[in-house]
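Structure record follows, encoded as structure tokens.
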Amino acid sequence: MRIFLFISHISGLQPSYMKTAIKTINKYINYVENTLKYDYNNGILEGIHNKIKVIKRISFGYRSFYHFRNRIFITQNLAKIKTA
């Protein structure tokens with residue numbers, strides 16, 4: 001892959017603070033390669049998780065887990081508010 005060529009090409013040219021970054025890339029090179037090869041990511045899941053954490057933070061704690069769960073479902077459009 002190109003990343004291997006790039007890293008080997010700049011091995012003697014980088015400043016000392018870049019050596020740590022290069023070492024880290026070499027340590028996790030298989031994961032970096034998979035990230036560049038495939039289109040999969042967990043961005044959507046991280047967004048949902050962040051919304052839940054924000055609801056938890058702004059609600060200052062629901063008395064009932066049922067209400068907390070319903071608020072999450074409503075914000076994710078998995079449930080609708082019943083109107084009279």
Side-chain angles (χ1 to χ4, degrees):
M1 267 192 106
R2 284 183 172 176
I3 195 160
F4 296 121
L5 295 173
F6 179 72
I7 291 173
S8 64
H9 177 69
I10 64 166
S11 63
L13 303 174
Q14 78 269 14
S16 61
Y17 60 86
M18 286 294 292
K19 289 181 181 178
T20 306
I22 298 294
K23 247 196 243 184
T24 304
I25 290 174
N26 282 331
K27 183 177 179 181
Y28 298 108
I29 196 71
N30 292 332
Y31 303 115
V32 172
E33 191 176 303
N34 284 338
T35 301
L36 297 173
K37 191 186 306 183
Y38 300 110
D39 291 335
Y40 301 115
N41 63 35
N42 63 347
I44 294 172
L45 185 63
E46 290 292 330
I48 292 169
H49 186 243
N50 187 35
K51 280 184 184 178
I52 292 170
K53 286 170 76 173
V54 168
I55 291 169
K56 203 164 129 182
R57 197 175 313 125
I58 64 172
S59 66
F60 301 112
Y62 282 98
R63 287 186 179 200
S64 167
F65 179 75
Y66 174 77
H67 294 299
F68 177 63
R69 188 187 70 154
N70 284 343
R71 175 78 180 261
I72 293 169
F73 285 161
I74 289 168
T75 58
Q76 293 298 319
N77 293 325
L78 297 174
K80 298 191 187 239
I81 300 172
K82 292 182 182 178
T83 56

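FYI, the numbering just counts along the sequence from 1.
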Check: Considering all heavy atoms of both residues, which atom of T75 and which atom of K51 are nearest to each other, and what is their separation?
Finding: O-NZ, 4.4 Å

Notebook entry, point to check: Which value, rounded to the nearest 0.5 Å, describes the distance between Q76 atom CD and I52 atom CD1?
Noted result: 6.5 Å

Next item on the list: Taking atom CG of L78 as the centre, report whether more than 12 heavy atoms of other residues, nucleotides or ligands fall under 6.0 Å from it.
Entry: yes

Note to self: Let me confirm one number: the CG-CZ distance from N50 to R57, rounded to the nearest 0.5 Å.
What the structure shows: 7.0 Å

Margin query: Tell me whether I72 shares a hydrophobic cluster with I48, the cluster being built from Ile, Leu, Val, Met, Phe, Trp, Tyr side chains joined at under 4.5 Å.
Written below: yes

Item checked: Cluster overlap I55 with I44, hydrophobic side-chain contacts below 4.5 Å -> yes

Next item on the list: Can you measure from OH (Y38) to CD (E33) and round to the nearest 0.5 angstrom?
Entry: 9.0 Å

Checklist line | Point-to-point distance, once rounded to the nearest 0.5 Å, from CZ of F65 to CG of N70 | finding: 9.5 Å

Next item on the list: Go through the structure and list residues passing side chain to side chain donor-acceptor pair (under 3.5 Å) with R69, not counting sequence neighbours.
Entry: none

